[in-house]
**Student:** 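Below are the structure tokens for one structure; questions will follow.
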Amino acid sequence: MEEGDCVFCKIVNGEIPAEKVYEGDNFVAFPDANPKVEGHCLIVSKKHFANVMDMPASLGGELIDAIKSVAEIKLKEGAEGFNLVMNNSPSAGQIVMHAHVHLLPRKKGDGFSIIR
Ligand code: 5GP
Ligand code: ZN
């Protein structure tokens with residue numbers, strides 16, 4: 001997909017609205033339009049990288065900071081834990097070809113399952 005047609009690039013540059021719950025120098029986070037659980041958010045690189053294999057390792061620390069910032073918000077809102085999921089390539093379920101991490105807030109007995 002061309003960057004010009006990329007839905008997450010359009011959210012990053014404001015062409016498509018999204019309620020940002022976090023913004024740093026290199027990552028933003030906003031709610032998933034089709035949440036799998038309550039509070040499901042996406043942590044998205046501001047630059048267009050197709051997936052984690054395209055991302056420089058130097059962004060790793062900022063990615064962890066972004067994840068922890070969003071997780072703190074969700075834990076304060078009542079989540080008891082959270083799952084992190086990153087789909088890399090269509091074979092692994094990636095639909096939007098712009099690197100992003102799913103943060104899925106969890107509560108005991110919520111009935112959701114990723115691995116078990
Ligand atoms: P993937 O399978 O690529 O990891 O997941 C892409 C996610 O992006 C999906 O969960 C989908 O609901 C979400 N998504 C797709 N388009 C939009 C959009 O325009 N806005 C928001 N907030 N989420 C989107
Ligand atoms: Zn993009």
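Atoms within each ligand, like the ligands themselves, are counted from 1 in listed order. Side chains included, hydrogens not; waters and symmetry mates left out as well; all remaining heavy atoms used. Positions are given from 1, in the same order as the sequence printed here.
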**Student:** Which pairs count as ring pair (Phe, Tyr, Trp, His ring centres under 6.0 Å) when at least one residue sits in residues 16-44, sequence neighbours excluded?
**Tutor:** Phe8-Phe30, His40-His102
**Student:** Please lay out, stage by stage, how Ser45 and His98 fare under the test side-chain contact (heavy atoms from CB on, under 4.5 Å).
**Tutor:** CA-CA 8 Å; Ser45 59; His98 177 132; 3.5 Å; yes
**Student:** Applying side-chain hydrogen bond (donor to acceptor under 3.5 Å, both in side chains), can you list everything that pairs with Asp65, at least two apart in sequence or on another chain?
**Tutor:** none
**Student:** Indicate if Leu42 and Met55 have the same hydrophobic cluster label, given that clusters are the connected sets of ILVMFWY residues with side-chain heavy-atom separations under 4.5 angstrom.
**Tutor:**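 No; Met55 is not reachable from Leu42 via cluster members.
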**Student:** For a quick check: using heavy atoms under 4.0 Å, what are the residues in contact with ligand 1, sorted by chain and number?
**Tutor:**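 Ligand 1 is contacted, at a heavy-atom distance under 4.0 Å, by Val7, Phe8, Ile11, Phe30, Pro31, Asp32, Ala33, Asn34, Leu42, Asn87, Gly93, Gln94, Ile95, Val96, His100, His102.
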**Student:** Checking Glu80 side chain against Lys107 main chain: does a donor-acceptor pair fall under 3.5 Å?
**Tutor:**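 Not at all, since once roles are kept as given, no pair shorter than 3.5 Å links the two residues.
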**Student:** Answer whether the closest heavy-atom distance between the side chains of Pro105 and Glu38 falls below 4.5 Å.
**Tutor:**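 No, every pair of side-chain atoms sits at 4.5 Å or beyond.
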**Student:** As a test of understanding, state which of Val44, Val85, Asp32 forms a side chain to side chain contact (heavy atoms under 4.5 Å, CB included) with His100.
**Tutor:**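 Answer after filtering Val44, Val85, Asp32: Val44.
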**Student:** Main chain of Val52, side chain of Asn88: is a donor-acceptor contact present, judged purely on distance under 3.5 Å?
**Tutor:**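 Yes: the side chain of Asn88 pairs with the backbone of Val52.
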**Student:** Go through the steps for Asn83 and Arg106 under the test side-chain contact (heavy atoms from CB on, under 4.5 Å), then give the verdict.
**Tutor:** CA-CA 7 Å; Asn83 294 110; Arg106 301 296 306 277; 2.6 Å; yes
**Student:** What protein N/O/S atoms lie closer than 2.8 Å to the Zn ion (ligand 2)?
**Tutor:**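 Sorted hits: Cys6 SG, Cys9 SG, His48 ND1, His98 ND1.
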